[in-house]
Structure formats: C-alpha cells, structure tokens
> 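Take a look at this one; I'll ask things after.
Every chain is numbered from 1, with letters handed out A, B, ... down the list of sequences.
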Amino acid sequence: MEMTSTKTLVNLLKNSKAIRTESQAKQLHAQIFKTQDPNSSSHISKLLSIYTNLHLLRDSHNLFNTLKSPAPPFAWKSIIRCFTDNGLFVQSLTSFVQMMASGVYPDHNVFPSVLKSCTLLMDLRFGESVHGCIVRLGVDLDLYTNNALMNMYAKFQSLDRNMYDRFHGCDVSGGSKIYVHEVLDKIPKQYGNGELSSSLAGCNGFNVNANDLIQKFKNLKGKSVQLPHSNRGRQADDHSYRRTSNVRPLESDSVWKVFEMMPIRDLVSWNTVIVGLARNGLYEEALKMVRELGNANLKPDSFTLSSVLPIFADYVNVIKGKEIHGYAIRHGLGTDVYIGSSLIDMYAKCTRVEDSHRVFCLLPIRDAISWNSIIAGCVQNGLFDEGLKFFRQMLIAKIKPRHVSFSSILPACAHLTTLHLGKQLHGYIIRNGFDDNVFIASSLVDMYAKCGSIRLARHIFDKMELHDIVSWTAIIMGSALHGHAHDAISLFEQMEKEGLKPNSVAFVAVLTACSHAGLVDKAWSYFNNMTQDHGIAPSLEHYAAMADLLGRAGKLEEAYEFISSMDVGPTGSVWSTLLFACKVHKNVQLAEKVADKIFMIDPDNMGAYVILSNIYSADRRWKDAARLRISMRNKGMKKTPACSWIEVKSKVHAFVAGDESHPYYHKINGALKDLLERMEQEGYVPDTKEVFHDVEEEQKKHLLYYHSERLAIVFGIISTPVGTTIRVIKNLRVCEDCHTAIKFISKIVDREIVVRDNNRFHHFKDGKCSCGDYW
DNA sequence: GTAGGGTTAG
C-alpha cells in the first residue's frame, strides 16, 4: 500500500469489506499507527472489526487489549463475535459479562454470538438468562437473534449425550478445543470471585449469576472442552439412552414459542426447527414442517435436505430417500457435499451400498465426512475390505482422519481379526489424542477382544474414565468370547451396581458368557430377569444363546421345547445350534427331527446337511451320510473348506487342510513330523472318531495331522521367535482331536497358542486350554 | 443465525 492520505485511510476503515487479506489489514494498521492518533478508540474499533472479519483471533485480541478502558460498544461486539467464531466460547461469554459490567448494553449484533456460545457450551442457565435479557431489552423481534435462540433450545433437548461427551473427548469441530485453564488465567483480576457479581449489580435487564459463571470456569479448569455432537441415530428402544436421557419437553416448547412469536421467519428459522425436530426423533413433525415450507413461499435448500435425509436412513425408507435425491438433483443440489454425505449414509443404511458408492464417486468435492460416510457405509454392510480400501484412499487423498473415522474403521479390523492393523490404528489414535473418546475406546475394546487380546481389551476398558453401555457390553462380550465367563458375569453385575441398566445387547453378551461356561441356571435367571424385570422382549440372539447353552449342556429335550416355544419364529440357525449339540451328545434321533425342521424353514442350509451327514458317519451309517452328500451335490451345494490363517510379520498366511501350496510347505511338513513324534512321546493318541470318511485308520490319522489349524500353528512356530504367542484363526470349529493336539503342542514348544474358531477363543498354554475342554 | 459421518449383537 502506498502512502495513503488521511481521507483514504478513513474511507478504508469505513468500508472494511475492501480489506481482504491479512497483509492489507496489517498495512492499514501500520499506516494508522504512523499517521493517526494511535490511541483513537474509533480507529481501533474499526480496525478490530476488520481483523475479526478476517478471523484473525490473536491480532484482534491484542488490538482489543490496547483499547483504553472503557472499551467502546462496537469493540466489545467485535471481540465477542471473534471469540465465538474461533470456538472460544468461554472467552466470548466472559467478554459478554465484562461488557455488561462496563455498562454497555448488548444488542441484536451480539446476541446471536452469545447464544451460540451458550449452545455449544451447553449452558442452559446462562442461555436462559440471556433470553430474559433479550426480552427485557426488546431485541426479541430480531430475526437472527430468534434463530439463534431456537437453535439453542433445539440443541438443549438432546442434552444428555452431549453433556457426557463434553468431558469425554468428542470433537466435531475439527480440532478447535478450548483449554479452559488458559482462559481462566486471562480473566482480569478485578473480575475475580464475588467482585463480578457486584459489578453486575447495576446492570439493568440482566440477571446472570456471575458466581455461577466463575464456578463454572473453576469446574472446567484443566479440562478440555469440546463441541457437542449430534444425537441422531440413537435407537428409540435403547434402554441405556433412556436411562441417562434428559429430554426436556420444556425446551421443545421453547423452540415453538419462539418460532410462533417471530414476526418474520426465513428459511434458516424453518431449517432450525426442522433440524431440532429431526434430531429429537420427531420425524413426522419434521417432515410436516418441510411440507409446510411451500405455504411460507420458501423452498428447501441444502440445509433442509441434509437434515431430512437422516430421517429416511433411520426409517430405512429408500423410496422416500430417493425422492429427496431426485429433488436435490432437479434443484441443482445433486453434488452438494452435505447432501452427498447424507445420501451416502441413507443408501448405506438402506443396505444399498452400491448407490452410496455411486453418489460418492460423483461428488466433485469430498471432505472428511464424505469419506467417512462411505467408509462407515461399507463397514456397516459387512464390506470390511472395501472399508479399509476407502480408508487407505482417504489417507492418500491427504484427508486427515477424524475421530469418527476410527470408530468406523476399527470394527472392520475387529471383524477381519487383523491385529497388526488394529494396533497401527491404535497408535495413530493415541498420537492424535483421540483415545479419550468413548466411541473410539469402545471400538478398541471390541477390536482387541476380537483380535485375540482380551488382556489389552481389558486394559483399555479399565483405563476409560467413564463407561457407557456399549463399552460395558464390548468388554462383557469379549470376556465371554475368551471363555472368561466369571469375569463377564462380574462385569455385568458391576455395571448394574453402577446404575447402568443393561439393554438387549448387554443381555446377549452375558447369556453368551453363560453359554460358554455351561452355566444353565445362571442363564435362566438372566433370561427371566430380562423379560420380566426389564421388560425386554427376547430377540433371536437371546434365543440362540439360550438354545446353544441348553444344547451344549446336554439338555437336548429342554432345548427342543424351548426353541419350539419361541415367540419369534425360530430360524434355521437357531435350530442349527441344537443340531450341533445333537452331534456332540450323539442323539441321532433328535438330530433327524431337528434337521427336518431346518430343511423346512431353510432348504438350502448347507451347514445342516454337513452336520447331519457327519452325525450319520459317526454312527457308521455310511449310506445315509452318502445319501445326504449326494443330495447336496445335486443341489449344487459345496462344503465350505476348513481354512486357518495366521499373521506373521504383518502378512496373512492362509492354509486349508492338506495344503501343499505354501512356499515353506516342506519346512512345515518336517516340523510337523518332528512335533508329532514328541507329542506321541508325551502321550498323544490320535482320536479318529471325527474323521467322517469311510477310510482306513492310518489314512484317518494322516487326514487329522494335516488339518489346517495345525499347518498354521506349525508355520507360526517355525517363523516367529521363541516364546511369541501364536494367534490362529479358523473359519470352522476346531475338531476335538486338534484341540487335544494343540494342548500338547503348547506344552512342548512352551508357547501360548490362541485359536479363534467361528465361535470363540481358545487359549492353549502349558498343555491346557482356557475353555476347560467345554466348548 | 441453520446442515452431513461413529462404538456393542450367531
């Protein structure tokens, strides 16, 4: 900027929009300093508004501090807005109080910012005081102020979860954390305890309890306060939610009261009400408002549509969702980022991931949320590899993952049992300070448990400051999967003692625990407690867990009666658990009866054919077994081959029975033979009763020795350092002989061997298995 | 002054 005349300078100051960059603003600042009175309040105020418009927080703050007391009203309003815009809500409110204390009345320019700060700090008391102030000062006709008020009341309706997350790491702002202790240190001394309220005593029309505010700062001291997040998607029947839920009908009324009193309403007003309704599950009311928009001569915009789409995601109504999609396209909003991520999410929740994918590909701009929507969409639909692929692509596209990305992607690691990837993600989570987020911590607990490390899962669980129903359920289920039934039960009891009401999923977890330990009576008492005391209708999962438990415990007839009396029609898979129990307990007669039930409900249930045929074989009824296998072949069904895999040096090695294709096959074979010799010396006798082929005894043994899990384990032994834990995953259940063999192996090579079959974990150590041979 | 994405379940 060249040497500028006083007149030009003043004009520039007046027309602050002309200053577009930081360097222009700084040059102007310098010129004023050189040529004008550097202490002129009016110049500084105008310059301040230029700085705040450019979102220059530090410069604005410094400039504000150069103002002589009392600061002019205009300067106060600029700095308050600046604090709010930069996420410094406590500072914003502090300045607001200070402004009032210095005798400056707030007006319609400052209330929207102040209300926004109250909203994001979740301070209803303060917000209500501000509302009182608005009414008394007659600002209650202002459109912007009223919109901000409605927004505040709408957000306070879904207070519970937000309050929780406020202290437990939730960040939707992309990292704008406020460290309150930093703020507190900056509050001028004269506004210390007590003095503030007396200095406020003279303020007309404003009634805030300043001591409350000071106390609040003290309570928050040292804590990192983060922005609240949406409460959407919570299931109405989620009992834990109801327990802590603090939905305030009064706030809902307040939204309406404000809306009805408004002399003029614009699209923002309508959108605010619509979002408020949708966020609180009042879907029909929200949609009614959308339909009424037309009567007010308004048209839905991207805000409206992206708020309405989640409704159809929750309703799983893809037809309605598509109508909105069509509307968006017709009105030129088809590629809006916000609508885009809502569409991706809506299609995914309606199990139409291909459509999500299409929307994603057509988006010209993709932000962290669009990426996360497609990642979560894949994972929720069981496309774990796809989800991981998108996650990697996101990193390549230089989009920094956010906290939500991790709670979306970790379940994929959990389902794929890829411990090394899970650990890498955990490292990233710690480095970025996301590890105090409840969602992420719960996902980590689940991931570690499912990847075989119940110890790490428990460690993370114990380190969590506060547990919600999901984290409890994750650790209970994890303990159950690892056969630690008593841990699972005591955790469940501890959870109840802490006042958390178990929901339907938590009962699935505790029943699973009972099932793995054969605790029949305990399970019945939980089942009855659930239906009678908690009023939770048993779902298929509960029935399946009970049926499994009874069957395993040998109470076959009881299981049969139980399944037959189910409220929900039993599925093939529920009957299958009993069929498997019939195999274990060698009840051929009941097995046939159960198999008939399965074939009636689910004629293509391959598992049932296989089990029944094995039951026949074990009973030496080779012809019946053959008959079933032929009918399977005629139906075009193929038995799933048993497969085991192991991660070595971040690489997955998969084996099928008798597999000779692995590059180290000869080494594996040699080691296997050596091992077998030592096992036999220790007393291992192969048990061929589970070899369901009508072949010679020697050949049966040979078939056993090359079961996939043994190949994987031996490969693990020869390719990892002495003492390393071996973790093997198998797609089917471990056979009895392998179970015995692995016990011997664990003792001989002195290693912990963790095997996850399709049902649970087995930890083999010192010749014993954690399942106590009950599985 | 208004908007989109997340964790547990055979």
> Give one of base, sugar-phosphate or nothing for S342(A), where a contact means two heavy atoms less than 4.0 Å apart.
sugar-phosphate
> Looking for any heavy atom pair under 4.0 Å, which part of the strands does V505(A) touch: base, sugar-phosphate only, or nothing?
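Here V505(A) touches the bases of the nucleic acid.
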> For the base of dG4(B), is there a side-chain donor-acceptor partner from N372(A) under 3.5 Å away?
no
> Given dA3(B), dG10(B), dG4(B), which nucleotide is nearest the side-chain atoms of S307(A)?
dA3(B)
> Give S306(A) one of three labels, base, sugar-phosphate or nothing, depending on what nucleic acid heavy atoms sit under 4.0 Å from its own.
base
> Using 30° and 60° as the class limits, which term best fits the ring planes of W256(A) and F259(A): parallel, tilted or perpendicular?
perpendicular
> Please state whether the base of dG6(B) and the side chain of S408(A) form at least one donor-acceptor pair under 3.5 Å?
no
> Considering only heavy atoms and no angle criterion, is a donor-acceptor pair shorter than 3.5 Å present between the side chain of T272(A) and the base of dT2(B)?
no
> Which nucleotide in the list dA3(B), dG6(B), dA9(B) gets nearest to the side chain of N437(A)?
dG6(B)
> Look at the side chain of S407(A) and decide which nucleotide, out of dA3(B), dG10(B), dT7(B), has an atom nearest to it.
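Among dA3(B), dG10(B), dT7(B), the one nearest the side chain of S407(A) is dT7(B).
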> Considering residues at least two apart in sequence or located in another chain, which fulfil the ring pair (Phe, Tyr, Trp, His ring centres under 6.0 Å) criterion with F391(A)?
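Testing F391(A) for ring pair (Phe, Tyr, Trp, His ring centres under 6.0 Å), a comparison that skips the adjacent residues, returns none.
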> Verify whether one side chain among Y448(A) and H459(A) offers a donor that lies under 3.5 Å from an acceptor in the other.
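Their side chains do not contain a donor-acceptor pair, so the 3.5 Å distance test is not met.
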> May I ask you to verify whether the side chain of S443(A) and the base of dT7(B) hold a donor-acceptor pair under 3.5 Å?
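No, no donor-acceptor pair under 3.5 Å.
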> Taking ring pair (Phe, Tyr, Trp, His ring centres under 6.0 Å) as the definition, give me every residue that meets it alongside F390(A), ordered by chain and number, with sequence neighbours left out.
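For F390(A) the ring pair (Phe, Tyr, Trp, His ring centres under 6.0 Å) partners, ignoring immediate neighbours, are H357(A), F360(A).
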> Out of dG10(B), dT7(B), dA3(B), which nucleotide sits closest to the side chain of N151(A)?
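Output: dA3(B).
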> Decide yes or no, distance alone: a donor-acceptor N/O pair under 3.5 angstrom between the base of dG4(B) and the side-chain of S341(A).
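Indeed, a donor on one side and an acceptor on the other fall under 3.5 Å apart.
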> For the residue pair Y153(A) and H131(A), categorise the inter-ring angle as parallel (less than 30°), tilted (30 to 60°) or perpendicular (more than 60°).
tilted
> Taking the side chain of K155(A) as heavy atoms from C-beta outward, which of dG6(B), dT7(B), dA3(B) is closest to it?
dA3(B)
> Nearest to the side chain of D345(A), heavy atoms from C-beta on, is which of dT2(B), dG6(B), dA3(B)?
dG6(B)
> Counting any heavy atom closer than 4.0 Å, what does D367(A) reach on the DNA or RNA strands: base, sugar-phosphate only, or nothing?
base
> How is S573(A) classified with respect to the nucleic acid when contacts are heavy atoms under 4.0 Å: base, sugar-phosphate, or nothing?
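Answer is nothing: S573(A) stays at 4.0 Å or more from every strand.
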> Does V445(A) reach a base, just sugar-phosphate, or nothing at all? Heavy atoms under 4.0 Å.
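Nothing, no nucleic acid heavy atom in range.
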> Quick one: which of dG4(B), dT2(B), dT8(B) gets closest to the side chain of V268(A)?
dT2(B)
> Among the candidates dG6(B), dG4(B), dT2(B), find the nucleotide nearest to the side-chain atoms of F303(A).
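Nucleotide nearest to F303(A)'s side chain: dT2(B).
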> Pick base, sugar-phosphate or nothing for D548(A), based on heavy-atom distances below 4.0 Å to the nucleic acid.
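If one applies the 4.0 Å heavy-atom cut-off, D548(A) turns out to touch nothing in the nucleic acid.
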